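Below is one structure, written out as structure tokens; comments come after it.
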Protein chains: 2
Amino acid sequence: TTVLQIRKVHMESVRKINVANFMAQPITPIETLEASNDIRVRMELMIMKIQHDFVRALEGEENFGKKFKVDRWERNEGGGGITCVIEGGDTFEKGGVNVSVVQGMLPPGAVQQMRARGKKLGDGELPFFAAGISCVIHPRNPYVPTIHFNYRYFELVEDDGSKMWWFGGGTDLTPYYYYEDDAEHFHKTLKEACDVHDKKFYPKYKKWCDDYFTITHRNETRGIGGIFFDDVDSPSLEECFQFVQTCAESVKPSYIPIVRKHKNDNYGDRERTWQLIRRGRYVEFNLIYDRGTKFGLYTPGSRVESILMSLPTLARWEYMHEPEPDTDEANLLKVTRNPVDWVSKLSS
Amino acid sequence: TTVLQIRKVHMESVRKINVANFMAQPITPIETLEASNDIRVRMELMIMKIQHDFVRALEGEENFGKKFKVDRWERNEGGGGITCVIEGGDTFEKGGVNVSVVQGMLPPGAVQQMRARGKKLGDGELPFFAAGISCVIHPRNPYVPTIHFNYRYFELVEDDGSKMWWFGGGTDLTPYYYYEDDAEHFHKTLKEACDVHDKKFYPKYKKWCDDYFTITHRNETRGIGGIFFDDVDSPSLEECFQFVQTCAESVKPSYIPIVRKHKNDNYGDRERTWQLIRRGRYVEFNLIYDRGTKFGLYTPGSRVESILMSLPTLARWEYMHEPEPDTDEANLLKVTRNPVDWVSKLSS
């Protein structure tokens with residue numbers, strides 16, 4: 001396809017890295033990045049670019065010039081990351097776009113978690129490499145949804161010396177009020193990105209997303225879903241990488257138009273209170289169920305502030321809260337209790 | 001000792017149950033309660049009385065007559081509970097005092113969790129009985145600490161028909177500002193309760209509490225500790241019950257004087273913001289580490305609203321928040337990073 005051909009030509013022409021296109025100096029030394037075309041290098045450059053482009057696009061939606069704060073950090077055990085955080089913006093109350101490129105030994109606890117999801121692995125600690133981007137944006141206006149995305153590449157060396165690799169990731173939206181046209185725009189953008197690679201991807205990963213982002217004890221999804229996948233390792237390393245790159249590039253067009261449309265909508269106490277109650281649910285999901293958060297918090301030497309930047313500035317809990325029937329708030333709950341069948345809707 | 005003798009005489013004299021001394025009709029029918037002196041019955045009556053006395057004592061600290069809301073609920077699978085909740089009080093922003101008396105089959109997941117902490121149990125589901133009281137109170141004034149306590153009795157019938165039983169529980173305090181005299185009063189009250197039964201209990205259960213209420217990823221304790229124990233099953237059922245009852249009775253005198261002392265203290269935005277940040281930590285502990293919360297949320301048919309009433313009305317997260325050195329806020333953190341050795345302090 002054309003997109004992929006253009007990208008290939010572009011890749012080959014890139015020899016010099018321009019740090020001005022990134023939020024900070026990359027984690028891997030520039031000379032190493034320029035000298036190699038290894039998947040680790042390509043992944044690092046890709047997520048650095050996505051981070052930069054998305055951060056700048058978000059800053060473009062701030063009405064009074066608020067900027068992200070950039071923290072570059074290194075890890076004693078190897079690698080590091082670049083955490084970009086915005087707090088107290090006019091459009092974005094809190095948000096983070098975080099890149100990390102880390103290697104070292106995966107502790108037995110983390111290995112066990114991977115075994116639990118079906119990976120055939122030994123008992124002890126294993127050498128690993130991981131590069132990924134993760135992001136959560138909590139806007140101030142209750143009519144603008146929260147977005148989360150995460151794209152990552154993982155390598156493990158097994159006891160017998162063989163290397164395992166896979167990609168994982170996804171993008172999902174958590175509105176406080178449900179607008180069907182926004183939801184359609186969001187899902188359509190993700191579907192088109194998936195369809196470039198395989199028509200089977202969107203239906204499969206849309207369902208995986210609904211299943212994953214379920215707050216089991218509430219019998220609700222976190223939001224209106226999107227796509228989610230893990231352990232993707234076929235048909236080839238190259239095709240997997242291309243797919244993940246297309247997904248990551250689709251985040252900006254899936255979200256920014258929705259921000260622009262609603263960021264200056266009028267709202268009052270009622271909408272703010274509801275937003276904070278839904279943010280309480282977001283906290284419940286992230287701290288109780290989210291695999292990435294748990295994996296991070298249980299991994300020694302992980303950077304807690306970069307993991308927990310996903311939490312909103314404020315969250316609210318009220319005993320037995322239930323919106324009045326037939327209100328906009330009840331309407332959102334309906335959607336989280338019965339996810340919309342976007343596969344049929346977008347195909348018809 | 002005198003306390004225990006008086007209690008024994010009192011127990012024998014009680015034949016008629018007066019529901020006016022409880023927050024609601026007990027879960028077990030009155031006739032069953034009046035006809036038996038079984039440990040299950042004694043535990044239910046004890047926790048009902050503690051609930052009533054503590055709720056009324058808290059209501060006594062409300063300056064404008066705010067009362068707890070009482071929800072009596074039944075469980076399809078057997079048993080039920082009484083949830084008392086206060087929200088938007090003048091003194092208490094949010095709080096719950098919950099009693100539950102439940103029986104049924106413990107699902108394999110829950111059995112496995114118990115095995116993980118050293119119980120020798122079979123693979124399948126097992127018949128169980130549990131009666132307990134649990135409480136979290138979040139005051140509005142940042143100078144008044146949050147209190148949590150929980151006392152419970154558990155029975156399991158093993159595959160070979162033999163019955164296992166044990167008690168668990170604890171009381172712990174989470175101040176937002178550290179007052180040494182309040183902390184001393186609190187720990188001294190718990191120590192005196194423990195000492196009635198065994199001088200070894202307080203040192204042992206004080207340490208257990210510090211270890212349990214640790215927010216590992218923050219390298220902080222949740223608050224200033226208290227006492228915590230589980231799997232208590234010796235020297236005898238009677239002595240264990242008496243010990244747990246004394247602990248439960250010590251909650252009121254350990255806490256109410258501190259509430260009364262500080263509930264009308266002046267405070268401003270700075271103190272409120274700090275309180276909400278510490279409440280964020282409380283949420284992190286409860287959702288990530290707390291065994292009771294996890295056990296509850298993973299048990300089918302549990303009452304989610306009664307479990308999550310422990311969460312504060314509002315919680316706050318700021319990226320990389322750290323108080324200025326030598327402030328009252330920094331002083332609290334110091335104590336959560338190096339728990340005070342109350343055993344030595346109170347003995348000297």
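A quick note: this is a predicted structure, and the numbers were derived from the prediction, not measured. Note on naming: letters A, B, ... go to the chains in the order of the sequence lines (proteins, then strands), and numbering restarts at 1 for each one.
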Original post:
Relative to chain B, which segment of A:Glu87 carries a heavy atom at a distance below 4.5 Å: side chain, backbone, both, or neither?
Top reply: side chain

Subject >> CG on B:Leu287 to CZ on A:Phe285, rounded to 0.5 Å >> reply: 12.5 Å

**OP:** Would you give the length of the straight line joining atom CD1 of A:Ile307 to atom NE2 of B:His217, rounded to the nearest 0.5 angstrom?
**Re:** 8.5 Å

**OP:** Name the option with the most non-hydrogen atom pairs under 4.5 Å to chain A; the candidates are B:Val304, B:Thr313, B:Val85.
**Re:** B:Thr313

Subject >> Rounded distance (nearest 0.5 Å) linking atom CD of A:Glu318 with atom CG of B:Leu314 >> reply: 9.0 Å

Subject >> Region of A:Leu276 in contact with chain B, defined by heavy-atom distances below 4.5 Å >> reply: side chain

Subject >> Engaged part of B:Ile277 at the chain A interface, taking heavy atoms whose separation is under 4.5 Å >> reply: neither

Subject >> Interatomic spacing from OH in A:Tyr319 to NZ in B:Lys69 - rounded to 0.5 Å >> reply: 5.5 Å

**OP:** Quick one: which of A:Lys294, A:Lys94, A:His321 has the most heavy-atom pairs under 4.5 Å with chain B, could you say?
**Re:** A:Lys94

Original post:
Which atoms form the tightest heavy-atom contact between B:Trp317 and A:Ala315, and what is the distance?
Top reply: CZ3-CB, 4.1 Å

Subject >> Between CE on residue B:Met320 and OG1 on residue A:Thr83, distance to nearest 0.5 Å >> reply: 8.5 Å

Original post:
More than 12 foreign heavy atoms under 6.0 Å from CG of A:Asn63: is that the case here?
Top reply: yes

Original post:
Roughly how far, to the nearest 0.5 Å, is OG1 of A:Thr293 from CD1 of B:Ile288?
Top reply: 8.0 Å

Original post:
Which atoms of B:Arg279 come close to chain A, meaning under 4.5 Å heavy atom to heavy atom: side chain ones, backbone ones, both, or neither?
Top reply: neither

